[in-house]
**Q** 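This is the structure, below, for whatever I ask next.
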Amino acid sequence: MDRRPARIPEVLHNRNFALYYTGQSLSVLGDAIVPVALAFAVLDLGRGAGALGLVLAAGIAPGVLLVLVGGVVADRIERRRLMVACDLVRFGSQAAQGVLLWTGHATLLSLVLLQLVWGTAAAFFRPASTGLIAEWVEPDRLQQANGMVGLSDNLAYTVGPAVAGVLIAVFGPGAALLADALTFAASAVALSLARPAARTAARTAARTAAKAAEASASVLRGLAEGWQEFRSRTWLWSMVLWAATFHLLALPSVLVLGPAVAKSDLGGASAWAAIAACSGLGAVVGGVIALRHRPRYLLRATFVPLGLYGLQLVALAMPARTAVVAAAALVGGVGVAMFNVYFYTALQQHIPLPVMSRVASYEWLGSIALLPVGQALVGPVAAATSVPGVLLVAGGWMLVSPVVLYLIRSARELRAVDDSPETVVADATPVPAGGVA
């Protein structure tokens, strides 16, 4: 297989992916607007931080509770149609919030309920999208596809807050949420224009047979099959377990303790804004690197970049000067962005398509579920011990992570695959229970 860097436009020659990518890029930009818009919407209602936390949690909770069911549904029906339906539901929920805020009829209860609707649709959309990319894109173009998606996501969350600020300043929070609604409409239209086709007759036959076999299966059976596929791959569950520790310890330490350190020792909000901006810039750089560099061993290429995330935690613990912390945050952003691209490429290349969405739902739940726990606990733990101590523990774990991950043989030896006929057929056929991909 040719390992030379692929040019960015090549995957966009795939019409279906180009449509998905266009719609999803707009949709993610809308999502990046929402947190700022909701913050000012809640404040305009005369509420405080507790109420804002409730509204934001309402958007997250359905994803944690329903993402596994979403994975089962996405593996049993056409993913594209499910995603269009989810986009239309989210269009309705965000448009309703925008109209209520615009007309002055919004209440805290209405925002919470509509965010629950949004989060429910997102719980079904997320695992379906992971499977859809694997379904539409050739195996040797999956890294490029994931790199482009990751790059657009990072850019969206870099410029989204600024866009939100302009919309809110000129038109109010309601207009920002209406803009988000329009991005979901654009995504639904883009997906509706796609006309997916299986890449080979073998894949089509395999998926048809799998759907027929699952037609009468219960949700619990579907979850059990997805769990079996997930747990049978040491490289997969071990990386998810590592991601759980990242979201429990490292990321909450940055998000919760970082601003506190910036306020007490680095000069305040402006210093933290510079650090956050460098982290976002690093994520963009990491996305570009992942687009251009095609490693033979997908996960091994991420071990050292992931470990370097610990540098900003150690720098905050000292605390170092703002410029040093910002530089460390940039390096950390590079590593996380590279991991996201290579890991999802590995997932889509090595998991059978008929169970892809279920496995992706277990991956997402296992990785993210501990984030709110970490966010809730890191402050009290730091108060009971010390802020530098918590930051050093988190940073130390990240710095030794490359060694720990390298010891997992199936993770360090997992290879990228090409688009050979043998690869496609194997990818379309579920492996026996207990097998290792």
Side-chain angles (χ1 to χ4, degrees), residues 1-14 17-18 20-22 24-25 28-29 32 126 129-130 132-134 136-159 235-236 239-240 242-243 246 250-251 278-312 328-351 360 363-364 367 398 401-402 405-406 411-419:
M1 177 180 175
D2 184 3
R3 295 283 172 182
R4 291 173 298 179
R7 294 180 180 178
I8 291 177
E10 289 179 355
V11 73
L12 292 179
H13 295 164
N14 181 326
F17 176 76
Y20 165 84
Y21 177 71
T22 301
Q24 191 62 15
S25 296
V28 172
L29 178 60
R126 187 175 292 112
S129 65
T130 301
L132 189 76
I133 294 175
W136 285 359
V137 177
E138 299 81 357
D140 66 339
R141 291 286 176 261
L142 282 171
Q143 180 184 324
Q144 191 179 88
N146 287 312
M148 293 189 67
V149 171
L151 185 59
S152 66
D153 288 356
N154 293 328
L155 287 171
Y157 279 96
T158 300
V159 305
W235 66 267
L236 177 56
M239 295 303 296
V240 170
W242 175 87
F246 173 81
L251 186 59
C278 284
S279 179
L281 177 61
V284 173
V285 173
V288 173
I289 293 173
L291 269 173
R292 305 299 299 170
H293 176 54
R294 304 182 67 191
R296 182 173 297 275
Y297 298 97
L298 283 168
L299 299 181
R300 188 191 302 180
T302 70
F303 293 166
V304 171
L306 280 177
L308 295 179
Y309 191 90
L311 293 177
Q312 66 177 311
L330 188 148
V331 172
V334 170
V336 171
M338 291 176 63
F339 171 76
N340 286 336
V341 173
Y342 293 146
F343 176 77
Y344 280 104
T345 299
L347 185 73
Q348 291 160 346
Q349 287 185 345
H350 290 274
I351 302 299
E363 177 275 321
W364 187 87
S367 299
M398 291 301 301
S401 286
L405 294 174
Y406 192 83
R412 72 171 184 267
E413 294 184 357
L414 190 74
R415 290 174 177 253
V417 300
D418 58 24
D419 197 23

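Quick caveat, the model's predicted, so the values are computed rather than measured.
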**Q** At what distance, to the nearest 0.5 angstrom, does CG of Leu299 lie from CZ of Arg412?
**A** 12.0 Å
**Q** State, to 0.1 Å, how close Pro402 and Val304 come at their nearest heavy-atom pair, and which atoms those are.
**A** CG-CA, 4.0 Å
**Q** Verify, without hydrogens or angle tests, whether Arg294 (side chain) and Asp140 (backbone) share a donor-acceptor contact under 3.5 angstrom.
**A** yes
**Q** Would you call the rings of Phe339 and Phe343 parallel, tilted or perpendicular, where under 30° means parallel and over 60° means perpendicular?
**A** parallel
**Q** Search all heavy atoms of Met338 against all heavy atoms of Ala290 and return the closest pair with its distance.
**A** CA-CB, 4.4 Å
**Q** Which pair of non-hydrogen atoms, one from Gly332 and one from Tyr309, has the smallest distance, and what is that distance?
**A** O-CD1, 3.7 Å
**Q** State, to 0.1 Å, how close Leu330 and Leu281 come at their nearest heavy-atom pair, and which atoms those are.
**A** CD1-CD2, 3.8 Å
**Q** Return yes if some donor-acceptor pair links the side-chain N/O of Asp153 with the main-chain N/O of Val28 below 3.5 Å, else return no.
**A** no
**Q** Leu405: what forms a side-chain contact (heavy atoms from CB on, under 4.5 Å) with it, not counting sequence neighbours?
**A** Met239, Trp242, Phe303, Leu306, Ile408
**Q** Looking at side-chain heavy atoms only, is the closest gap between Glu363 and Thr130 below 4.5 Å?
**A** no
**Q** Verify, without hydrogens or angle tests, whether Gln143 (side chain) and His293 (backbone) share a donor-acceptor contact under 3.5 angstrom.
**A** yes
**Q** For residues Val159 and Leu29, determine if any side-chain heavy atom of one lies less than 4.5 Å from a side-chain heavy atom of the other.
**A** yes
**Q** With a 4.5 Å limit on heavy-atom distance, are the side chains of Val149 and Phe17 in contact?
**A** yes
**Q** Looking only at heavy atoms, which two atoms of Gln348 and Ile133 are closest? And how far apart?
**A** NE2-CB, 3.8 Å
**Q** Between Gln349 and Ala416 (side chain of the first, backbone of the second, donor and acceptor by atom type, cut-off under 3.5 Å), is there such a pair?
**A** no
**Q** Do Leu236 and Ile351 have side chains that approach each other closer than 4.5 Å (heavy atoms only, starting at C-beta)?
**A** yes
**Q** Any non-hydrogen side-chain atom of Gln144 less than 4.5 Å from a side-chain atom of Leu291?
**A** yes
**Q** In Å, rounded to the nearest 0.5 Å, how long is the span from CG of Asn340 to CG of Leu151?
**A** 12.5 Å
**Q** May I ask you to test the Arg141-Asn14 pair for a side-chain heavy-atom distance under 4.5 Å?
**A** no
**Q** Start with the C-alpha distance between Met398 and Phe246, add both sets of side-chain angles, then the distance that settles side-chain contact (heavy atoms from CB on, under 4.5 Å), and finish with yes or no.
**A** CA-CA 8 Å; Met398 291 301 301; Phe246 173 81; 3.8 Å; yes
**Q** Locate the shortest heavy-atom distance separating Leu12 from Met148; write the atom from each residue and the value.
**A** CD1-CE, 3.8 Å
